[in-house]
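Presented below is the structure to which this report refers.
No experiment lies behind these values; they were computed from the predicted model shown. To find a chain, count down the sequence lines: A is the first, B the second, and so on, and within it residues start at 1.
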Number of protein chains: 2
Amino acid sequence: MAEREVDRSVSQTVKAQLALRDQILDGSLRPGERISELQAVETTGASRTPVRMALVRLEEEGLLEAIPSGGFMVKAFSERDISDSIELRGTLEGLAARFAAERGVSARELEPLKECLAAIDELLRQVPISIEAFSSYVTLNARFHAQLTELSRSPPLIRQIDRASALPFASPSGFVMAQSALPEAQQILIIGQEHHRVVIDAIENREGARAEAVMREHARLAVRNLRLALRNRTHLDLLPALALIKTATD
Amino acid sequence: MAEREVDRSVSQTVKAQLALRDQILDGSLRPGERISELQAVETTGASRTPVRMALVRLEEEGLLEAIPSGGFMVKAFSERDISDSIELRGTLEGLAARFAAERGVSARELEPLKECLAAIDELLRQVPISIEAFSSYVTLNARFHAQLTELSRSPPLIRQIDRASALPFASPSGFVMAQSALPEAQQILIIGQEHHRVVIDAIENREGARAEAVMREHARLAVRNLRLALRNRTHLDLLPALALIKTATD
DNA sequence: CGCGGTCAGTTTGTATACATTCAGATGGAT
DNA sequence: ATCCATCTGAATGTATACAAACTGACCGCG
């Protein structure tokens, strides 16, 4: 019953959306169960109108599913669903990279990407990589992908990539923290960084096919991480949205 | 002021969404202008609550844009935006076709696609192609693309393709009617149908790369149609959502 | 003993009233 | 004359009350 006074500047709808998303991702709201609007009103502090707005937005975001008879339930995802979502994002990022390469990008525009690249290089120099470094990697990697997407200068494509990356496990840095526990962690980061380096080089040289291919392969690396993290059950809890994943053990 | 009695079975939200979408596409609501909720209440017959729900959904659909200070406005699209949206859809359909090819599809599942193919073949046999035939083509073509998407058996991918096809000018049959006025119309349909034939053959033989490539090229054909239709100003009015297109002449 | 229908409770969907914020205009000061 | 501040009207965002629909259970019937 504390902190009922949540920042007046953000709308109740946004507050409800954030609160509900947290509840979904941490498993408070379980897949398959209908979400009670009354209960959501209780837990979020907003009234029913903004709560319902938030539910609609979360449905579009892909976390909820409309029930034909009314209301919404939390969606469940199979391992295949997740890997397909990652490959989907990779395909779109590949298209963005190809557009950037084919349409041309000035040195100015590439500058921030190269800074990102250098910063990640710096991070990877330390052996072994600390947990803090993993955390910084997540930030820098997200920035790199966002900037790369922007290079396409295609609003419709940027929009779709953002939507595809909205699912926590499909986002570019989704599994980085989960992989930090793996023995292969460092190698994987190094390989990923090589992909980053190649895509910049390809864009610079206007090699569209190469830029596209490497981003696709980059996503496949993420799929591999997913598999490894799911198999290596010791640090399963680092997986984002673990509660939404349909496992055979359930 | 007539037909105030619109089917009780569908929700007010859906009614408002359909009505507003129509108004957007036919240009009653013009790009850049803020949409007045009160006015929307007047024209749709629903109250503000379902109208606001509809506005949120139309934003997610891509037809509206949120105004930072509140409310929504109709989005405007450049020719580049549209061609990128088409290529985006083509890329996703390419991925779907590749998934289908790589993962394998039974003869049973391919059956409805082949029926569609045969039906379109039948249509194209008549020369010249009648307006009614164009109209039938639109239906059959939409069904073909929908079934092809399903073949991927990937819910996340199907979902994204549906979202990408929601914009009227990005949908698989978006420009077919507009092209009916072009002299090249028949050739274009024949080439498009050849793409359909090839993608089925590729999937049958599990040639993923070929299936993917041909769907991408198929979308490029649609981009070519767009260009032709925009240049051939005699039948511009057949273009879907013409009112949303930013032209240099405006 | 199983199945179907009816009824009550609860939930969602809708309408409307209220609060708050934004846009535009008007007036004053520099 | 221009710029800024204040004010007013209107629009959006929120809360709540009402209506309709669905869920589940209980009872009766086959």
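If you take CZ of R48(A) and P of dT12(C), they are 7 Å apart, rounded to a whole angstrom. As rounded to whole Å, 15 Å separates atom C1' of dA15(D) from atom CD of E42(A). In this structure, CD of Q39(A) is placed 15 Å from C1' of dT12(C), rounded to the nearest angstrom. Regarding E37(A), its CD atom lies at a distance of 6 Å from the C1' atom of dT12(C), rounded to whole Å. Computed from coordinates, the M73(B) CE to dT12(D) C1' distance equals 17 Å when rounded to whole Å. For the pair E33(B) CD and dA23(C) P, the interatomic distance rounds to 16 Å; values are reported in whole Å.
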Let me check something: any side-chain donor-acceptor pairs from residues 164-171 of chain B under 3.5 Å, sequence neighbours excluded? List them with distances.
from: S165(B); atom 1: OG; to: I161(B); atom 2: O; distance (Å): 2.8
from: S171(B); atom 1: OG; to: P168(B); atom 2: O; distance (Å): 3.4
from: S171(B); atom 1: OG; to: G174(B); atom 2: N; distance (Å): 3.4

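V56(B) has its side chain out of reach of M53(B): every pair of non-hydrogen atoms, C-beta onward, lies at least 4.5 Å apart.
The listed nucleotides are dA15(C), dC18(C), dA17(D); the one nearest the side chain of Q12(B) is dA15(C).
Within the structure, ring pair (Phe, Tyr, Trp, His ring centres under 6.0 Å) pairs that include any residue of residues 11-37 of chain B do not occur (at least two apart or interchain).
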Pairs under 3.5 angstrom, nitrogen or oxygen only, protein versus nucleotides 22-24 of chain D, please.
from: dT23(D); atom 1: OP1; to: S69(A); atom 2: OG; distance (Å): 3.1

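Every residue two or more places apart in sequence or in another chain was checked for a ring pair (Phe, Tyr, Trp, His ring centres under 6.0 Å) with F99(B), and none qualifies. For R89(A), the salt bridge (Lys or Arg N to Asp or Glu O under 4.0 Å) partners two or more places apart in sequence, or in a different chain, are E93(A). Scanning for salt bridge (Lys or Arg N to Asp or Glu O under 4.0 Å) contacts around E60(B) gives R57(A), R163(A), with sequence neighbours left out.
Between L38(B) and T49(B), the residue anchored closer to the 5' end of DNA chain D is L38(B), taking for each the nucleotide with the nearest heavy atom.
Residue L55(B) is out of contact with every strand shown, counting any heavy-atom pair closer than 4.0 Å.
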